[in-house]
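First up is the structure itself, then whatever we jot down about it.
Order of the sequence lines fixes the chain letters, A, B, ..., with proteins taken first and strands second; residue numbering starts at 1 for each chain. Below, each value reflects all heavy atoms present in this structure, side chains not excepted, and no hydrogens, waters or symmetry copies.
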Protein chains: 2
Amino acid sequence: MTNILKLTLACYTRLVGTQRAPGLAKAKRTLKWQRDPEGMRLRILEAAKQEFSAHGLAGARVDRIAAKAGANKRMLYYHVGNKDELYLAVLEGAYDKIRSEERGLDLEHLDPPEAIRRLIEFTWNYFLRNPEFLSLLQTENLARAKHLKKSTKVKSMHSPFVEMIRTVVRRGVDSGDFQVAVDPVQLYISIAALSFFYLSNSATLSVIFGRDLLDKKAKEERLAHMVGLVLAALTGQSAALFEIAKTPKSRAAVVQAV
Amino acid sequence: MTNILKLTLACYTRLVGTQRAPGLAKAKRTLKWQRDPEGMRLRILEAAKQEFSAHGLAGARVDRIAAKAGANKRMLYYHVGNKDELYLAVLEGAYDKIRSEERGLDLEHLDPPEAIRRLIEFTWNYFLRNPEFLSLLQTENLARAKHLKKSTKVKSMHSPFVEMIRTVVRRGVDSGDFQVAVDPVQLYISIAALSFFYLSNSATLSVIFGRDLLDKKAKEERLAHMVGLVLAALTGQSAALFEIAKTPKSRAAVVQAV
DNA sequence: GGAGAAATTAACCCGTTGGATAAATACTGT
DNA sequence: ACAGTATTTATCCAACGGGTTAATTTCTCC
């Protein structure tokens, strides 16, 4: 079929040095390939991430991963393992990455409402920048977390956000900024939910609503809405808080005449 | 492999009348099978719904669908079509069902806060009662709504909720119950998001948090949290509204000391 | 009661796919 | 320079899986 053709075209072409040690008088013969175990492993995992997020676990094709990685299929098994192990490695990498970025977020020195805003913005932007993460989570949940349960590594990678939220909420209640001491786990899930669902389901929602939920304006409106909703709930200053949406444009969209 | 065995075991056994027209003097020979085109079609679609929601599009197996339906594989193609057409039929059926139930929800005669609460409770309970719907949406979104885009049927099935919300919000602002005239599409998406994400991602979240998010208590807390969050945002009565959570138990959980 | 259509069964086809085996090539230390 | 090991390529294959073909059985209408 045309499959072989596609694979060849999509194939990452590894450039191999044509001459080795060009300084030598006797020109060495052309190398057919080079060793690069670390690079190979990284390229395999990156290709696998793309493949699994684009097609899910069952839909992913081992041959395509190999082709995208510019490798021979045998290399996947040599460097990582079989399809399932490859998938789990990708999943663990994805969690590792987000946890690491989460830890970089410093909310301590911000006043509570601003801290919550930052939290929402980070979540939103991270999901926007890493759509494969959303897909991988969806895939894993369709599998009822069968693979994740086997990963002691992921189980030990706790998100720092729950504790961050707990602290911020406590501070907010103390300072009088917040009216209610919400459960940090619930709030964490809700903040994730507002962004996650919008983005992960944007394809079907766009069809249903007959408009593109991912264009610039729509995304601005969404972010403003989410920030307004959560902060209004916490502070009780609904009208005022929906107003502080960053841009006049998005503010107008959120606080529109109904 | 053991596959054949599994299929046989899982197979829906269609009971066939052993005797036809038992009143006749001459006992007719035993029927090997009976005709039942409508029933067959329904059983096929039901089996397909289970299979697609359990395994996704690529992971679904045509043979398993046939076995579950108590049918021959050939029947799928005879009554519905190939795998893709089968999948689309299931998807359309799922949308048809939720739209129909949505239309049954009457919010006109309720005061605005109560109407919003009902809306959230309906969404939450519908997702709880129809987990396959969540899975199907996830699957379709992983496919970037490729199939849904081809369905004129679904495109024309608008949810009545957006207009319901628009009316309710308008009434709420007029009556002074609500402080802010939120975009009904955004609110619709947010309400769906809060339930959808929690349930569709409960598997991975349960692993991450190390506890079962689907047990009775957790579900009560979640519902109370969602209602509190949305109503607090709309009314600005944060503390008061988080308090009106139905049960004392769940209320205590939501408005807990941090 | 029987002919023709509708519904169902049974068996087969063939490209795909995950995985395995074996051979070749590139490095590394001595 | 060369032996030994690590890395990569080149083939192969048995099972699977969607889809098809052809034969069988039931039902309906005259």
Side-chain angles (χ1 to χ4, degrees), chain A residues 1-8 11-12 14 16-21 24 26 28-44 48 51-52 55 57-67 69-87, chain B residues 1-8 11-12 14 16-21 24 26 28-44 48 51-52 55 57-67 69-87:
Chain A
M1 291 298 271
T2 58
N3 253 350
I4 294 160
L5 199 63
K6 280 186 202 163
L7 288 181
T8 312
C11 174
Y12 167 88
R14 256 190 306 158
V16 170
T18 48
Q19 299 287 144
R20 188 199 180 189
L24 288 175
K26 299 195 171 192
K28 285 265 188 160
R29 82 190 185 299
T30 302
L31 284 181
K32 294 189 180 172
W33 48 269
Q34 270 176 229
R35 285 189 179 184
D36 180 17
E38 300 84 4
M40 177 66 91
R41 189 184 154 86
L42 287 181
R43 272 179 291 129
I44 287 172
E51 178 71 11
F52 284 122
H55 303 282
L57 179 50
R61 293 292 165 259
V62 173
D63 300 86
R64 276 199 300 247
I65 296 174
N72 188 288
K73 186 166 55 165
R74 178 69 178 78
M75 291 291 88
L76 312 190
Y77 298 91
Y78 183 78
H79 286 287
V80 187
N82 65 19
K83 194 182 181 183
D84 272 344
E85 294 171 303
L86 198 48
Y87 169 77
Chain B
M1 292 297 272
T2 59
N3 253 350
I4 292 160
L5 199 63
K6 281 185 200 163
L7 288 181
T8 312
C11 175
Y12 167 89
R14 256 190 305 159
V16 170
T18 49
Q19 298 287 141
R20 188 199 180 191
L24 288 175
K26 300 196 170 190
K28 285 266 187 161
R29 82 191 184 298
T30 302
L31 285 181
K32 292 186 181 171
W33 47 270
Q34 269 176 231
R35 286 188 179 186
D36 180 17
E38 300 84 5
M40 177 66 91
R41 189 185 153 85
L42 288 180
R43 272 179 291 130
I44 288 171
E51 179 71 10
F52 284 123
H55 303 282
L57 179 50
R61 293 292 166 258
V62 173
D63 299 85
R64 276 199 300 246
I65 296 174
N72 187 288
K73 184 166 56 165
R74 178 70 178 79
M75 291 290 88
L76 312 191
Y77 297 90
Y78 184 78
H79 287 287
V80 187
N82 64 19
K83 194 182 182 184
D84 272 345
E85 295 171 304
L86 198 49
Y87 169 76

Atom-to-atom span, CG of B/Leu57 to P of D/dG17 - whole angstrom: 14 Å
Do side-chain atoms of A/Lys83 reach the backbone of A/Arg61 as a donor and acceptor pair under 3.5 angstrom? no
Provide the closest heavy-atom pair for B/Arg35 versus B/Pro37 in the form atom of the first, atom of the second, distance. C-CD, 3.9 Å
Using a 4.0 Å heavy-atom cut-off, does A/Ala60 contact any base of the nucleic acid, only the sugar-phosphate backbone, or nothing at all? sugar-phosphate
Expressed in angstrom and rounded to an integer, what is the separation of A/Asp63 atom CG from D/dT11 atom C1'? 13 Å
Donor/acceptor link under 3.5 angstrom from B/Asp36 side chain onto base of C/dA7: no
Distance-only, no hydrogens or angles: does the A/Glu51 side chain make a donor-acceptor pair with backbone N or O of A/Arg64 under 3.5 Å? no
Can you tell me how far P of D/dC27 sits from CD of B/Gln34, to the nearest Å? 6 Å
Any idea which heavy atoms bring A/Ala48 and A/Leu86 closest together, and the distance? CB-CG, 4.0 Å
Between atom CE in B/Met40 and atom P in D/dT25, what is the gap in whole Å? 17 Å
Does anything in residues 75-86 of chain A come within less than 4.0 Å of DNA chain D? Heavy atoms only, and list the residues if so. A/Met75, A/Tyr78, A/His79
Nearest 0.5 Å please: distance from the CH2 atom of B/Trp33 over to the CG atom of B/Asn72. 11.0 Å
Protein and nucleotides 21-24 of chain D: nitrogen or oxygen contacts under 3.5 angstrom:
unit_1, atom_1, unit_2, atom_2, d
D/dT21, O4, B/Arg74, NE, 3.1

Under 4.0 Å: is that the gap between some side-chain N or O of B/Arg35 and OP1 or OP2 of D/dT25? no
Once ring-ring contact (aromatic ring centres under 6.0 Å, His included) is applied, do any residues pair with B/Tyr87, and if so which ones, sequence neighbours excluded? B/Phe52, B/His147
Name every donor-acceptor pair, under 3.5 Å, that has one atom in a side chain of residues 73-82 of chain A and the other anywhere in the protein, sequence neighbours excluded.
unit_1, atom_1, unit_2, atom_2, d
A/Lys73, NZ, A/Asp63, OD2, 3.4
A/Asn82, OD1, A/Asp84, N, 3.2
A/Asn82, OD1, A/Glu85, N, 3.0

What's the NZ-P distance between B/Lys73 and D/dT20, to the nearest Å? 11 Å
Side chain of B/Asn72 - closest among C/dA10, C/dG18, D/dG17: C/dA10
Separation of A/Ile65 atom CD1 from C/dT17 atom C1', in whole Å? 12 Å
Rounded distance (Å) that lies between atom C1' of C/dC27 and atom CD of A/Glu38: 13 Å
A/Ile44 CD1 to D/dT8 C1', in whole Å, measures 11 Å
